[in-house]
2 protein chains.
Amino acid sequence: MLTLTRKTEYGLIAVCHLAQVGEKVVSARDIAKEQAVPLPLLMNVLKRLHRVGYVASVRGAHGGYTLTAAPEQLTLADIIEAVEGPVHLVRCTNPSRTARKCDRTARCFIRRSVAQVHNGLREFLGAVTIADMLTGAQAPAATDTPRVATQ
Amino acid sequence: MLTLTRKTEYGLIAVCHLAQVGEKVVSARDIAKEQAVPLPLLMNVLKRLHRVGYVASVRGAHGGYTLTAAPEQLTLADIIEAVEGPVHLVRCTNPSRTARKCDRTARCFIRRSVAQVHNGLREFLGAVTIADMLTGAQAPAATDTPRVATQ
DNA sequence: TGAAACCGTACCGTGCCGATGCTATATTCA
DNA sequence: TGAATATAGCATCGGCACGGTACGGTTTCA
């Protein structure tokens, strides 16, 4: 239904928080407290972000997380993919495993167009960086919304 | 999770089919047979499309549906909204009813940026017309995907 | 009058998301 | 060395929306 899951929301919040504090190591507990996010959920998300290498972890007392990727390089698409898996606008665009439920694939005369829209969506999400999110968050009256040009 | 529901898929298929046959009245049964789509589901979707006025219905024997809106005017966003309701990238962007679950709204420092992305997504979907889908479906190697400019 | 087709609504099962809990591992500090 | 802190990994569980089904009603035409 074209909606981000809460995991992604929490992931975005965490990453933006880490990007904001710079190199400082921040524990999941601190992020959860400051951003009013449920700690266990946040920890789950941070684990995934760690697994793909977007954040570094420091274990033990006074441990926590740091952002390893550059905010200008890290995109919304990256976060989504890391937290909730590859984006698939429709089942057809999912080449993997059991998702091959659609037996219409061969005769589907929309498939190509949908694939184009799918690519457009991915490009759109890949064009939004964490740095963008931060500047947009701080500027009170932020410019205008991202524009889309269908070419 | 950033995926269209099957209802929307069926809706797109139905609308594109109707756009392709022109002014001819086509029954849901025929569309279901030709496009290999489950008939009851297709009927549900066609009812919704009828309710918002994108298709006209002819009852009785030899009845069926016709597309009322112009394929160049009807967009992907229209279909999605008609079939599965308003698009909301996150709960915050949903101003209605019980969806106000996010108590972080006030202190959420990402909210504004997310809203911008949300608007960008809506514009993106609103820029894809049914006519686009049809030409894309017929042309084997269609131009390139829609581009996104984050400003 | 009966068949064909649309219309409306209600219902149910399943899969996924949101959420929780527990155990193991690693680091710091007293 | 032990206690406290914090991440790592996995397993489980409930709720809900989506996908699918069923039934009864209305309209039109042969």
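To find a chain, count down the sequence lines: A is the first, B the second, and so on, and within it residues start at 1.
Between B:R48 atom CZ and C:dC6 atom P the separation is 18 Å, expressed in whole Å. For the pair B:L42 CG and C:dC6 P, the computed distance is 9 Å after rounding to whole Å. In this structure, the CG atom of B:L4 is 10 Å from the P atom of D:dG19, given to the nearest Å. Atom pair A:L39:CG and D:dA6:P shows a separation of 10 Å (rounding to whole Å applied). Rounding to whole angstrom units, OH of residue B:Y10 and C1' of D:dT21 are separated by 13 Å. The distance between atom CG of B:L49 and atom C1' of C:dC7, rounded to the nearest whole Å, is 14 Å. Here D:dA8 presents its P atom at 8 Å from CE of A:M43, a figure rounded to the nearest Å.
When the side chain to side chain contact (heavy atoms under 4.5 Å, CB included) test is applied to A:E72, the partners found at least two apart in sequence or on another chain are A:A70, A:A131. Taking the side-chain hydrogen bond (donor to acceptor under 3.5 Å, both in side chains) definition, one finds that B:T129 meets it with B:D132, sequence neighbours left out. Under the rule for a side chain to side chain contact (heavy atoms under 4.5 Å, CB included), the partners of B:V58 that lie at least two apart in sequence or sit in another chain are B:V25. Contacts of B:E81 classified as side chain to side chain contact (heavy atoms under 4.5 Å, CB included), with partners at least two apart in sequence or in another chain: B:P86, B:R122. A:L41 is linked by a side chain to side chain contact (heavy atoms under 4.5 Å, CB included) to A:Y10, A:P38, counting only residues two or more places apart in sequence or in another chain. Applying the side-chain hydrogen bond (donor to acceptor under 3.5 Å, both in side chains) rule to B:T75 yields the partners B:D78; only residues at least two apart in sequence or on another chain are considered.
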Give every pair of a protein N or O atom and an N or O atom of nucleotides 13-18 of chain D that lie under 3.5 Å apart, one pair per line with the distance.
none

I'd like a list of close polar pairs between nucleotides 24-30 of chain C and the protein, N/O only, cut-off under 3.5 Å.
residue	atom	partner	partner atom	Å
C:dT25	O2	A:R59	NH2	2.8
C:dA26	O4'	A:R59	NE	3.3
C:dT27	O2	A:A61	N	3.2

Would you tabulate the nitrogen or oxygen pairs shorter than 3.5 Å linking the protein to nucleotides 8-10 of chain C?
residue	atom	partner	partner atom	Å
C:dG8	N7	B:K47	NZ	2.8

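In this structure, A:L49 CG and A:K7 NZ are separated by 12.0 Å, a value rounded to the nearest 0.5 Å. Atoms CG and CD, on A:L121 and A:Q116 in that order, are 13.5 Å from each other to the nearest 0.5 Å. Note that the CE atom of A:M133 and the CG atom of A:L74 stand 11.0 Å from one another [nearest 0.5 Å].
Checking the phosphate oxygens (OP1, OP2) of C:dA5, no side-chain nitrogen or oxygen of B:S57 falls inside 4.0 Å. In this structure, B:R29 reaches the C:dA5 phosphate: one of its side-chain N or O atoms is under 4.0 Å from OP1 or OP2. Between B:Y65 and the phosphate of C:dC7, there is a side-chain N or O to OP1/OP2 separation shorter than 4.0 Å.
Listed by first then second residue, pairs satisfying side-chain hydrogen bond (donor to acceptor under 3.5 Å, both in side chains) with a partner in residues 43-62 of chain A number zero, not counting sequence neighbours.
Paired with A:V15 under the rule side chain to side chain contact (heavy atoms under 4.5 Å, CB included), one option of A:L46, A:V83, A:I130 passes, and it is A:I130.
Distances from the side chain of A:L41 to the nucleotides D:dT21, C:dC6, C:dA19 place C:dA19 closest.
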